[in-house]
Protein chains: 2
Amino acid sequence: MTKIKNMEEFAALSGISRPTVSKYFHDPDSVRPTTRARIEEALERFDYRPNIYAVNQNRKLTKNIGIVVPFLADPFFAEIARYLEQSCIAAGYRPFLFSAHGEQKLENEILDGLQSLKPAGVLLAPLGRISDKSAIEKFCASVPTVLFDSNLDGLGAAFIGSDNFSFVSQTVQYMTRTGEPPSFFEMRTPANPNANKRRKAYVEVMERLGFEPHVIKIEGAGWAFEEIGRQGALKVLDERKLRTDSVLCSNDRLAIGFLAACFEQGIRVGRKADCTLRVASNDDHPFAKFTCPSLTTAAHDYDNVAARSVETLFELIENGGKFEKRTETLFPARLVLRESA
Amino acid sequence: MTKIKNMEEFAALSGISRPTVSKYFHDPDSVRPTTRARIEEALERFDYRPNIYAVNQNRKLTKNIGIVVPFLADPFFAEIARYLEQSCIAAGYRPFLFSAHGEQKLENEILDGLQSLKPAGVLLAPLGRISDKSAIEKFCASVPTVLFDSNLDGLGAAFIGSDNFSFVSQTVQYMTRTGEPPSFFEMRTPANPNANKRRKAYVEVMERLGFEPHVIKIEGAGWAFEEIGRQGALKVLDERKLRTDSVLCSNDRLAIGFLAACFEQGIRVGRKADCTLRVASNDDHPFAKFTCPSLTTAAHDYDNVAARSVETLFELIENGGKFEKRTETLFPARLVLRESA
DNA sequence: ATAAAAACTTTACGCGCGTTAAATTTTTAC
DNA sequence: GTAAAAATTTAACGCGCGTAAAGTTTTTAT
């Protein structure tokens with residue numbers, strides 16, 4: 001089998017002129033069926049593919065799409081990334097996945113490197129509070145970007161995420177309806193803006209229902225939420241700071257730590273008769289089904305968030321990288337009843 | 001601020017000739033300190049960066065490195081990917097992360113796409129049993145590749161992973177020493193070759209210790225190990241197939257499911273007096289600390305596996321992409337005692 | 001069958017940068 | 001201070017492909 005060096009050579013071997021072959025690779029449907037057949041036949045025999053560097057050198061718009069998440073070791077983001085990747089591939093794009101691993105510096109470096117990739121667009125779930133807003137703003141100015149999961153005011157051409165109010169309102173109402181109104185368990189300085197929205201929603205819903213809100217703030221920084229939740233829970237349990245027999249955690253990863261702490265302390269969690277505590281949470285983390293007891297939680301509408309994110313990005317790209325108006329799309333949560341509350 | 005279009009323009013603005021600027025970007029130390037200073041000064045003022053597509057078009061070897069894992073939603077791989085990425089960046093390379101998401105088709109497509117990226121090298125953790133061996137072989141022939149985590153006989157220039165015998169031997173010996181010898185709990189058709197090595201190691205160690213091995217094989221396909229483990233455990237517990245009060249799971253994700261099933265059935269797991277079952281496992285999954293009870297397991301030497309993998313890849317690259325002899329490096333496990341056994 | 005439309009071929013230039021050779025300048029060494 | 005060495009400049013070509021213009025062939029429509 002001859003080793004093909006470039007399109008010139010391949011064109012010769014396939015008996016088609018190079019410009020037509022070039023056209024074919026840009027869009028196979030743009031050439032006559034017979035020509036297409038001849039090219040594809042040659043393609044089978046010779047295994048040639050255009051040099052992507054030469055291809056992208058001229059085009060100002062590549063077929064690359066950047067996907068940036070704040071913390072890939074969180075299976076939530078891994079799952080959503082998977083969906084986003086697949087959608088991009090299905091649409092004929094090339095996704096490149098990056099994780100900021102919880103660090104601002106890395107997030108900036110990723111955006112920096114992404115620019116030279118000249119992507120057609122970027123799907124960005126920012127770190128949140130610790131994001132370098134001005135760096136992101138600069139980036140968004142030069143690359144069509146859709147934010148998802150975590151909103152930063154005014155940044156990006158659009159935002160797609162989950163409706164935090166819907167999450168908390170459902171969990172609070174459920175717990176109240178079936179028992180005591182819950183306390184709210186969260187980190188004092190949460191990394192993610194969703195956390196703040198959830199606290200506010202909790203307070204609002206509680207007041208609306210005529211109950212006094214009770215927010216428990218625990219210490220801890222970084223992205224090791226499970227351990228932070230566990231330590232916080234141990235402290236809270238030890239100091240008997242729980243005013244109610246039901247707790248709503250800001251997110252599932254904290255709840256996983258909370259449940260571990262309860263188990264260690266021999267506290268039975270759940271809605272059965274012999275249980276002394278009920279714990280619910282938000283997110284429907286992939287592992288929430290396997291906690292002990294399994295975690296009652298409000299589930300993200302993964303599919304819709306992911307699908308709408310890519311849809312929006314494609315619209316943005318087709319629209320030349322600009323929308324007239326920045327839109328924010330929020331999907332409601334779905335309550336998932338399990339054993340913990 | 002003027003918008004710089006190309007190196008020509010930037011060179012003019014910095015007062016240095018283009019070939020010298022080009023040289024600088026290839027290696028900043030290859031130019032005189034005074035020239036370097038002038039370039040870097042201009043760099044501050046004008047924010048120019050070479051067009052990577054034009055740069056890579058000529059070079060047969062880019063600074064790209066591909067990292068391919070079988071299943072990124074498994075935090076184990078997310079963690080190791082993080083380490084690999086950082087090492088690559090530190091060494092001046094550009095890592096690109098891909099996940100096969102458990103699918104052979106995707107793995108092949110990734111390798112396909114990777115080839116056109118012309119990476120300097122690739123770190124590949126293959127799917128294992130369901131990998132397309134011939135596709136990987138073809139890929140390795142044209143791209144310097146180091147396999148890690150999951151070995152495929154003879155493929156890639158080297159393999160770095162964990163010593164499965166060390167894992168199982170430590171867990172079996174520990175359980176035997178402190179109680180009954182364990183049964184071995186695994187999937188009937190495991191996706192990963194490590195699983196087979198672990199079973200063999202289990203049998204060997206048990207026989208060496210003078211005990212009769214007892215392997216429990218459960219049904220289930222795919223990468224949803226937790227659910228497979230849970231279902232399998234429920235079945236095993238229901239049918240009372242457990243011959244001993246101690247169980248060694250092939251891997252932590254199965255164990256997570258196993259523990260969830262035990263909890264559901266009200267079976268107390270651990271080494272305390274009131275416990276009827278002990279469960280240990282292998283991997284030290286990031287969540288193993290938060291299971292209920294926390295999971296006794298044999299930990300991968302993450303750091304060494306990751307560090308040696310990149311080291312080996314860099315050696316391979318410097319060596320022109322070929323080693324005289326394929327090497328296999330295995331790191332032993334470290335027993336992590338927690339509450340479950 | 002014939003004209004118009006569509007697709008293709010030929011030719012040629014440009015993209016941004018790597019790289020080389022020869023000429024020139026700067027630095028180093030004694 | 002001078003010669004040799006090292007670095008830089010100038011000029012020019014090539015990489016693989018996109019793309020445009022002009023001419024030719026094939027297809028479509030009547």
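Letters A, B, ... are given to chains in the order of the sequence lines, protein chains preceding strands, and every chain is numbered from 1.
In this structure, CG of A:D27 is placed 14 Å from C1' of C:dA7, rounded to the nearest angstrom. Counting to the nearest Å, the P atom of D:dT19 and the OH atom of A:Y24 are 17 Å from each other. In this structure, B:E8 places its CD atom 14 Å from P of C:dG14, rounding to the nearest Å. Distance, B:F25 CZ to C:dT19 P: 15 Å, rounded to whole Å. The distance from atom CD1 of A:I52 to atom C1' of D:dC17 is 13 Å, rounded to the nearest whole Å. Between the CD atom of A:Q57 and the C1' atom of C:dC15 there is a distance of 5 Å, rounded to whole Å. As a whole-Å value, the separation of A:N56 CG from D:dG18 C1' is 11 Å. Computed from coordinates, the B:Y53 OH to D:dG16 P distance equals 18 Å when rounded to whole Å.
For B:S22, a side-chain nitrogen or oxygen approaches OP1 or OP2 of C:dG18 to under 4.0 Å. Phosphate contact (OP1/OP2 of D:dG16, side-chain N/O of A:N6, threshold under 4.0 Å): present.
Among the heavy atoms of the strands lying under 4.0 Å from B:Y48 are primed sugar atoms or P, OP1, OP2 only; no base atom is included.
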Worked verdict on B:L97 versus B:L72 for side-chain contact (heavy atoms from CB on, under 4.5 Å): CA-CA 10 Å; B:L97 176 60; B:L72 203 43; 4.0 Å; yes
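Atoms CD1 and CG, on A:I136 and A:L147 in that order, are 7.0 Å from each other to the nearest 0.5 Å. How far CZ of A:F96 is from OG1 of A:T62: 8.0 Å, rounded to the nearest 0.5 Å.
Screening A:F77, A:F76, A:F331, A:Y83 for a ring-ring contact (aromatic ring centres under 6.0 Å, His included) with A:H300, the sole residue that qualifies is A:F76.
Residues passing the salt bridge (Lys or Arg N to Asp or Glu O under 4.0 Å) test with B:R36 are B:D29, B:E40, sequence neighbours excluded.
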Could you list, one pair per line, each protein nitrogen or oxygen that sits under 3.5 Å from a nitrogen or oxygen of nucleotides 8-13 of chain D, together with the distance?
{"from": "D:dT8", "atom 1": "OP1", "to": "B:R32", "atom 2": "N", "distance (Å)": "2.9"}
{"from": "D:dT8", "atom 1": "OP1", "to": "B:T35", "atom 2": "OG1", "distance (Å)": "2.3"}
{"from": "D:dT9", "atom 1": "OP1", "to": "B:S17", "atom 2": "N", "distance (Å)": "3.4"}
{"from": "D:dT9", "atom 1": "OP2", "to": "B:S17", "atom 2": "N", "distance (Å)": "3.0"}
{"from": "D:dT9", "atom 1": "OP2", "to": "B:S17", "atom 2": "OG", "distance (Å)": "2.5"}
{"from": "D:dT9", "atom 1": "OP2", "to": "B:T20", "atom 2": "OG1", "distance (Å)": "2.8"}
{"from": "D:dA12", "atom 1": "N6", "to": "B:R18", "atom 2": "NH2", "distance (Å)": "3.2"}

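Between B:E41 and B:R38 there is no salt bridge, since no side-chain N of the basic residue sits under 4.0 Å from a carboxylate O of the acidic one.
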List, one per line, each side-chain donor-acceptor pair under 3.5 Å for residues 148-156 of chain B, sequence neighbours excluded.
{"from": "B:N151", "atom 1": "OD1", "to": "B:R326", "atom 2": "NH2", "distance (Å)": "2.9"}
{"from": "B:N151", "atom 1": "ND2", "to": "B:E328", "atom 2": "OE1", "distance (Å)": "3.3"}
{"from": "B:N151", "atom 1": "ND2", "to": "B:E328", "atom 2": "OE2", "distance (Å)": "3.1"}

